[in-house]
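First comes the structure, then the notes that go with it.
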Amino acid sequence: MDSDVDGPVKGKDMQKLTVIENGAVAVKDGKVIAAGKEEELKDIEAVEKIDCEGKLVTPGLVEPHTHLVFGGSREHEMALKQQGASYLEILEQGGGILSTVRATRETSYEDLVEKAKFHLERMMSYGVTTMEAKSGYGLDVDTEMKQLKVVQQLQKESKMDIVSTFLGAHAIPEERKGEPEKFLDEMAAMFPEIKEKGLAEFVDIFCETGVFSVEQSRDFLKKAKEAGFRVKIHADEIDPLGGAELAADLGAISGDHLVGASDEGIRRMAEEGVIADLLPGTSFYLGKKSHARARDMIKAGGAVALSTDFNPGSSVTENLQMIMSLAALNLKMTPEEIWHAVTVNSAHAIGRGETAGKIAPGRKADLVIWDAPNYLYIPYHYGVNHVNTVYKAGEKLYERSGIRG
Ligand SMILES: [Zn+2]
């Protein structure tokens, strides 16, 4: 299953999904060499054949927005939220993200690697074969570097393809309260070393009320571009600040969240080819009634991607399949749009459109076999793992095992 369109799949085209009944995929040396109807591939002599009768086969899922590396967890905040405290109120009390910052600073490099690996492997078991991972829980030079190096080690050790993003501008740390510009200067001063050591491909910022303003974000991301990075923005998640317009102005690869994005911002992002990466798990987990306007974004001719936003505060799940269900239920996306949003478009949102998110000759054999009769089934049957088997570059990474006895 894939799309014939090159580049991200936009607007009405998101409805046109290529689905092959009785299909087959031929794989050699970790790469797809042919894909099509079974009879079209009958002349290819197979060393091993895997029977997928009654099952669905798709490209490996691509997860374009995660906060993979962090210390600790924040289960105690659930009760505070139930008593009505908002995300920004918890943040003001030094809780929320700042408690994760403290835990991440205190956790050793080795322990962060182990913890991140645990979450990453769970993502794999849910069908993800390519993902993005952000820093942003250090908020000081040493800990941000530590997080980026954890990602770099995982890039070397894990079978998962991981794309690294520097999110030093995720929040204002306690020791820089009231001095956002000074803090942003410190984070921007890290750009040359991050670039030189190949520690990140993208730079991101949390542009939000009480965090960084549109002007501060513009200034910071311009410096990032000058230092040779492509940029992403946590834009208009809570308040409609103009983050979507900023993403369009800067030619960001993606604008993420966008729950409060304006009509103008939506239109301009579509026009400039900025991918709208939507994270409905966050709205769900924070108990919000409003959702990103995926329908308007698609109507405007934009490309939409989907992600878990996996993080210990506002979206605690590694399950991208659950996000597919939320996209159907809360964003009113069709199954066809949803599949584009977790494969080809999410790959483009992290600069991997040429290598991930499609089943096509010459590409890595990143494939998922699903215990599902068709592609409609995954968003429909929610909250569980439908994966039967995950292949990365032709190698079996995960297989569902049955109940013993
Ligand atoms: Zn995020």
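Just so it is clear, the values below take in all heavy atoms, side chains as well, and ignore hydrogens, waters and symmetry mates. Order of appearance sets the numbers: ligands from 1, and atoms from 1 within every ligand.
Protein N, O or S atom count below 2.8 Å of the Zn ion (ligand 1): the structure gives 4.
His234 and His65 are linked by a side-chain donor-acceptor pair at a separation below 3.5 angstrom, with hydrogens and angles left out of the test.
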Cut-off 3.5 Å, no hydrogens considered: what does the side-chain donor-acceptor table look like for residues 177-187, sequence neighbours left out?
unit_1: Glu181; atom_1: OE2; unit_2: Gln216; atom_2: NE2; d: 3.1
unit_1: Asp185; atom_1: OD1; unit_2: Lys223; atom_2: NZ; d: 3.4
unit_1: Glu186; atom_1: OE1; unit_2: Arg176; atom_2: NE; d: 3.3
unit_1: Glu186; atom_1: OE2; unit_2: Arg176; atom_2: NE; d: 2.9
unit_1: Glu186; atom_1: OE2; unit_2: Arg176; atom_2: NH2; d: 2.8

May I have the list of side-chain donor-acceptor pairs in residues 117-124 shorter than 3.5 Å, sequence neighbours left out?
unit_1: Lys117; atom_1: NZ; unit_2: Glu157; atom_2: OE1; d: 3.2
unit_1: His119; atom_1: ND1; unit_2: Glu318; atom_2: OE2; d: 2.8
unit_1: His119; atom_1: NE2; unit_2: Lys115; atom_2: NZ; d: 3.3
unit_1: Arg122; atom_1: NH1; unit_2: Glu318; atom_2: OE2; d: 3.3

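Gln147 places a side-chain N or O within donor-acceptor distance of the main-chain N or O of Val69, the cut-off being under 3.5 Å.
Counting only residues at least two apart or on different chains, no salt bridge (charged side-chain N to carboxylate O under 4.0 Å, His left out) pair has a member in residues 51-72.
Checking Lys156, Lys392, Arg352 one by one against Asp161, the salt bridge (Lys or Arg N to Asp or Glu O under 4.0 Å) holds for a single residue, Lys392.
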